[in-house]
Amino acid sequence: MARSSDGRSAMSRAVRVLEAFEPSRSELTLTQVAARTSMPIATVHGIVAELVELGLLERRGRELILGVRLWEIAVRAPGVFGLRELALPHLEQVRDGLKQHAQLGILQETEVLYLERLSAPNSAINFTAVGGRMPWYATSSGLVLVADASPEEQHRILAMPRPRYSSEPQEGNPALMARLAQVRQQGHAVTRGYVHHDSTAVAVPVRGPYGRAAASLAVVVPSEGFQLEPVLGVLVPAARTVGEELRKSFTA
């Protein structure tokens, strides 16, 4: 595969272009893409032209957006979308039962990738977006997923930098390791005011076929008047059922 002067392949540079688009910045000009990827605009121009031809990017006037073709390819991924399809009815039950945001996330490197978010009218402030990512240490989902990871994986993740994301506490490794041990023992994580001071998130693990957390099921509720037990009463059975169905799908 052809490589550029910086040693990167054409495919890796194309992926960098696609990754420049985020939920908060879904429309970008060619100049903005070049700035976000730190690549020459002439290089970006050639990559963009090919991606547009393939339907992976689309033009909207002077701006570019991710193409529908990306979605057509992504929905064929059985791991992510199979999990989402299994979880969706139960996510709906959680949303309807609590009248608040319900969301499904998985761990990707050191971030939580949100596969789905369902919201109810007049629900709590929530900055999560479908397809969006947040640092693991700033979310209840991330704490649940890392708490259930293997010791080797935990060590690798804790060795990575943890820049301040929002209002989450900045903890050293010993305190964070103790927190993760507590989360694993209790089977849930609560982050009060981490992303917004008016909102509290609660997450529980969805255990996959090998016994570890394959995903997290979480809700975001108002901090005012927050009570944990009613939330867990809805969230835990839903996550347990999703896990059971997920394990059955692997053995079918």
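Positions are given from 1, in the same order as the sequence printed here. Computed from a prediction, not measured in an experiment: that's the story for all the values here.
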>> Show every salt bridge (charged side-chain N to carboxylate O under 4.0 Å, His left out) that has at least one partner inside residues 37-62, sequence neighbours left out.
In response: Glu27-Arg60
Do [X] and [Y] touch side chain to side chain, with heavy atoms closer than 4.5 Å?
X	Y	value
Ile41	Thr31	yes
Leu18	Leu57	yes
His188	Val231	no
Ser167	His197	no
His90	Glu245	yes
Val204	Val144	no
Leu64	Val52	yes
Tyr137	Thr110	no

Checking [X] side chain against [Y] main chain: does a donor-acceptor pair fall under 3.5 Å?
X	Y	answer
Arg247	Arg207	yes
Asp148	Ala213	yes
Glu63	Gly61	no
Arg192	Phe226	no
Arg162	Pro135	no
His101	Ala124	yes
Arg36	Ala20	yes

Do [X] and [Y] sit in one hydrophobic cluster, given that two such residues count as connected whenever their side-chain heavy atoms are within less than 4.5 Å of each other, even indirectly?
X	Y	result
Val195	Val220	no
Val234	Val236	yes
Val112	Phe127	yes
Leu28	Val17	yes
Val202	Leu115	yes

Over all heavy atoms of both residues, which pair between [X] and [Y] is shortest? Give the atoms and the distance, please.
X	Y	answer
Leu83	Ala215	CD2-CB, 3.7 Å
Leu145	Gly105	CD1-O, 4.2 Å
Leu91	Ala102	O-CB, 3.7 Å
Leu246	Leu86	CA-CD1, 3.7 Å
Ser199	Ile125	OG-O, 2.6 Å
Glu109	Leu107	O-CG, 3.8 Å

>> Given Arg156, which partner from the list Glu152, Glu153, Gln154 fulfils the side chain to side chain donor-acceptor pair (under 3.5 Å) test?
In response: Glu153
Can you tell me how far the [atom1] atom of [X] sits from the [atom2] atom of [Y], to the nearest 0.5 Å?
X	Y	atom1	atom2	value
Leu104	Thr128	CG	OG1	11.5 Å
Ser123	Leu98	OG	CG	11.0 Å
Phe21	Ile65	CZ	CD1	8.5 Å
Ile106	Ser141	CD1	OG	11.0 Å
Leu70	Leu56	CG	CG	5.0 Å
Leu143	Glu168	CG	CD	10.0 Å

> What do the steps show when you test Arg13 against Thr37 for side chain to side chain contact (heavy atoms under 4.5 Å, CB included), and what is the final call?
Replying inline: CA-CA 9 Å; Arg13 285 179 284 143; Thr37 58; over 6 Å; no
> Checking side chain to side chain contact (heavy atoms under 4.5 Å, CB included) for the pair Ile47/Met39: CA distance, chi angles, key distance, verdict?
Replying inline: CA-CA 11 Å; Ile47 295 170; Met39 291 192 293; 4.1 Å; yes
>> Checking Tyr194 now: which residues fulfil side-chain hydrogen bond (donor to acceptor under 3.5 Å, both in side chains) with it, not counting sequence neighbours?
In response: Arg179
>> Between Arg69 and Leu54, is the side chain to side chain contact (heavy atoms under 4.5 Å, CB included) condition met? List the steps.
In response: CA-CA 8 Å; Arg69 183 63 178 155; Leu54 293 170; over 6 Å; no
